[in-house]
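Side chains are part of it too, since the values below use all heavy atoms of this structure and drop only hydrogens, waters and symmetry mates. We name chains A, B, ... by the order of the sequence lines, and we start the count at 1 in each one.
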Amino acid sequence: MELRRFSRGFALCSALAALLAPIAPARANPYETRLDNGLHVIVKEDHRAPVAMHMVWYRVGAIDEHDGTTGIAHLLEHMMFKGTKTLKPGEFNEIVARAGGNDNAFTSHDYTAYFQRVPAAALPKMIELEADRMRNLVISDDEFARELKVVMEERRLRTDDQPQSQLHEQLMASAFIAHPYRRPVIGWMNDLENMRPDDARDWYRRWYAPNNAYVVVVGDVDHKKVFEQVKKAYGHMKPVQLPVRKMTAEPVQTGERRITVKAPAELPQLAMTWKAPKLVDVVNDREPYALEVLAGILDGHAASRLPKALVRGSQVAVEVGAYYDATARGETTFMLGGTPAKGHSVAELEAALRAEVKRIADEGVSEAELERIKTLTVAAQVYKLDSTYVQAMEIGRMEASGYRWQDADLMLEKLKSVTAAEVQAVARKYFGSDTLTVAVLDPQPLDPNAKPRAKPAGLRH
Amino acid sequence: MRFRNDFLLVNPMNRFFRHPLLQAAALFALSVPAWANVNIQHWVAANGARVYFVESHVLPILDLQVDFDAGAARDPAGRSGLAGMTQGMLDAAAGGLDEDALAEKFSDLGARLSGVADNDRAGLSLRTLSSARERDGALALLRTVLTRPEFPAAVLEREKARATASLREADTKPDQIGSKAFARALYGDHPYGRSATVESVAAITRDDLLAHYRRHYVASRAVVSIVGDVTREQAEAIALQLTGDLPAGEPLAPIPAVTMPKAVTERIAHPANQSHIFVGEPVTRRGDPDFFPLQVGNYILGGGGFVSRLTKEVREKRGYAYSVYSYFNPQREPGPFQIGLQTQRAQAADALKVVDETLAKFIADGPTDDELKAAKRNLVDGYSLRLDSNRKLLESLAVIGFYGLPLDWLSKFPERVEAVTAAQVKDAFRRRLSAEHMVRVIVAGD
């Protein structure tokens, strides 16, 4: 599994706060403030090394896109490195590199974020640079055209030539027929072909504003100074009227959906996804926490049930996985999947995976299993403190996804309160066939001399 | 099983840092900061194990790693994959505990066990809380796995079947086809050139595992790296505890010398949308006197991410690729210099031409003064970023220990980077990168 709740973790829980008291005094760390223009600033002081992780998160992602311009959130992210009124294309990266730092950016369905890891002394300059490109980006036709080609190469690399990515893309496009998660973050190739510089300019104008952004700093800094620096760099900006976010709710699914994806590969693959509730009310919701624990018991660690039963036990599979993330701006699903072992079919694997969920629905889970998840979660909180990146990611992700960074603490406490009965109840409730979508990779023989099936992309502007 | 494909980075993670063979590469960017005062303590345990220790009580965490001269280079002919299989099966049963029991016990302590396996090294690393119960429990388990593995026959059969499935799948993927072909073209029948195949995995027996384990997992060649919340006294005890039950071991012959390849361009047909292009040759050992000129030069050529010449020429100016990079991977014997990129197949020839010209120009002219200055500022001033966590420190320690680099390697880094001149970079690239040995592999070209 690539992204697991239990390895990503939450913020420090109270039990650990005692353990960590000498190094993390019980002060208001992180510190936060909000400028008059709406910009949120969250600073977590971590004085272990003279470095700073600086991130700017925007609450805008592929979820906010429309048909015809899918991929624009990600493409704009690329354009953010292509110059401002005062910086030449690429100069941003040059300045960061010469400061001893490195930088990158990422786009998901829910958010777009930019970060620099720098020696702490370079932080003020980084704040200036990010503030500059929040309002002063220049998107030239020429830079746009070339960067669009780069993004098309990225799509070829990550999706078009990757059978597993195609499977995932089409699974999502089938599980959601109306909700925006049906669209891939990188965009459909044809939308990229039709993308115009004005699409990027419009996107930037609409969404890149202080009242849609979160500045997160973790590192060897004085939060008061950071607040001053941020105020100086962003304070003059006016908030903008953000577009109304019209997120189409997914109509209730009333029957099983099945699709097949054919691609050159050796092994078949299975991916199943069920509609499942997301975390809305951090204090009063219960089921999302139970689903998190269920995912952890099935596939959260080396001793979890799916690899034990299906890879090591019955050996129906060579690989299995479960995925659920309660936090999202959009709607959530619970996924199961894997690769059948030689001599076993996809159908057998599907039956075996569903039987494991049914076993929990029928028999529940043991206290030892529950305890194990909680132990691993608590340990992950401590391990997190070894990385400024992980700490900053947690704060930014919570804020940009529509939660508060403080909720992370609370969520951990809630997770630890989940009972065996609650896990059993969600296993009973959410795994019926009517809300299930199944995607199967049907491997095709590799004809080395065949030409690619995907249409070669030509630029149209 | 990977479900998420929707978290996109503007710049690909630099292969130099990401490749499992290249964990060692973290060293590349170490230098000494005013703050750092990284105090590496080193001793040889009574049983011959070499120990490297950095004491840090800031976090209640203990990270450690035990490596052996037991990497893929030690695979016997016809048994490629043996080293990886042996390492991977250490926790398949040990000390009377089966794999499920071991997994449960590690998890119940909140400990994380992971494997280390590359051409030269094989071993295990552990992250645990430093509180006594968790720490002692996890260390006892690690000792069991390291010193009393059982290699059960039934698990071996299953793991061979999984490895076979994975190899067959890999043989359909252009990047993996290309990586293997590139290693073969660079190293021929040298162990660095061999990859596990369906046949070589089928030939592996339990006796092979036992023989490999007994011969290579020995105290005299154990390297124990420890970072975190224990005292020197505790660290000494831990090193002995982990390796004390291992036999001293017999001396080992060095791995064979590398024969330089003749320049060749290998084309492999594949129906992918993109061509996968690999260019390079064997160049550097650990401890190479040209290390600093080559690494500083490579930062400018293709290691510096967004700001490298290759990225500017191939990606920024022409939009030919999302990812283009170069790196040196120093190993015990000369490891590869490699340039890599992927591009729409119809323009592969054009992209390769740009790569060739960029490399040729860099070898002919070397870096500009401004490029050299920028590289030094990044590498020297960015030193603290490379050592700002226990995890990163552990990786560096493990490399220093395994390859026997001097203990002041980290503290001398900045002055050595600062001392590199443009003439030295140019000279090192001209001497070490030769057109007559340059290998090209193109998968899915037109």
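Taken from CG in A:D161 to CG in B:D175, the straight-line distance is 9.5 Å, to the nearest 0.5 Å. With rounding to the nearest 0.5 Å, the separation of CD in A:E266 from OG1 in B:T172 is 7.0 Å. The structure places OH of A:Y383 at 11.5 Å from CG of B:L59, a figure rounded to the nearest 0.5 Å. Atom CZ in B:F306 sits 5.5 Å away from atom CG in A:N104 (nearest 0.5 Å). In this structure, B:H270 NE2 and A:D447 CG are separated by 10.5 Å, a value rounded to the nearest 0.5 Å. For the atom pair A:R98 CZ and B:D381 CG, the distance stands at 11.5 Å (nearest 0.5 Å).
With chain B as the partner, the residue from A:A97, A:P163, A:A302, A:P307 showing the most heavy-atom pairs under 4.5 Å is A:A97. By number of non-hydrogen pairs under 4.5 angstrom with chain A, the leading residue of B:E169, B:K373, B:E159, B:R162 is B:E169. With chain A as partner, the option from B:V443, B:T128, B:D63, B:L109 having the largest number of non-hydrogen pairs under 4.5 angstrom is B:T128. In terms of heavy-atom pairs under 4.5 angstrom with chain B, the leader among A:R372, A:M53, A:R146 is A:R372. Here A:Q315 is the residue among A:K374, A:R155, A:Q315, A:E369 with the most heavy-atom pairs under 4.5 Å with chain B. For the options B:R168, B:R318, B:H276, B:K312, heavy-atom pairs under 4.5 Å to chain A are most numerous at B:R168. Of the listed residues A:V96, A:L267, A:T375, the one with more heavy-atom pairs under 4.5 angstrom with chain B than any other is A:L267.
Only the side chain of B:I61 comes within contact range of chain A, with at least one heavy atom under 4.5 Å from a heavy atom of that chain. Using a 4.5 Å cut-off between heavy atoms, A:V151 makes no contact with chain B at all. Neither the backbone nor the side chain of A:P184 comes within less than 4.5 Å of any heavy atom of chain B. In this structure, no portion of B:D91 lies under 4.5 Å from any heavy atom of chain A. Using a 4.5 Å cut-off between heavy atoms, B:I268 does not touch chain A at all. Heavy atoms closer than 4.5 Å to chain A are found in the side chain of B:K173, but not in its backbone. Residue contact with chain A, scored on non-hydrogen atoms closer than 4.5 Å, involves the backbone and the side chain of B:A374 alike. In this structure, no portion of A:A113 lies under 4.5 Å from any heavy atom of chain B.
Without hydrogens or angle criteria, A:R117 side chain to B:L385 main chain gives a donor-acceptor distance under 3.5 Å. A donor-acceptor pair is defined here as one N or O able to donate and one able to accept, closer than 3.5 Å; such a pair exists between the side chain of B:N378 and the backbone of A:G101.
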Exercise. Any chance you could lay out the side-chain contact (heavy atoms from CB on, under 4.5 Å) test for B:E104 and A:K308, step after step, and finish with the verdict?
Key: CA-CA 11 Å; B:E104 284 174 12; A:K308 182 180 173 184; 3.3 Å; yes
Self-check item: Derivation and outcome, salt bridge (Lys or Arg N to Asp or Glu O under 4.0 Å), residues B:E316 and A:K82
Solution: CA-CA 10 Å; B:E316 306 296 308; A:K82 295 299 174 185; 2.3 Å; yes
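Across A:G100 and B:R386, no two heavy atoms sit closer than the pair O-NH1, 4.2 Å. Residues A:L446 and B:D171 approach most closely at CD2-O, 4.1 Å, considering heavy atoms.
Enclosure of atom CZ in B:R158 by more than 12 non-hydrogen atoms of other residues, nucleotides or ligands within 6.0 angstrom is indicated.
Side-chain contact check for B:P60 versus A:V382: some heavy-atom pair is nearer than 4.5 Å. Residues A:V51 and B:S384 form a side-chain contact, since some pair of their non-hydrogen atoms from C-beta on lies under 4.5 Å apart.
Checked by atom type, the side-chain pair A:E153/B:Q347 shows a donor-acceptor distance below 3.5 Å.
A salt bridge is absent between B:R315 and A:E154; no separation between the charged side-chain nitrogens and carboxylate oxygens falls under 4.0 Å.
When each of B:R127, B:R112, B:R391 is tested with A:D386 by the rule salt bridge (charged side-chain N to carboxylate O under 4.0 Å, His left out), just one qualifies, namely B:R127.
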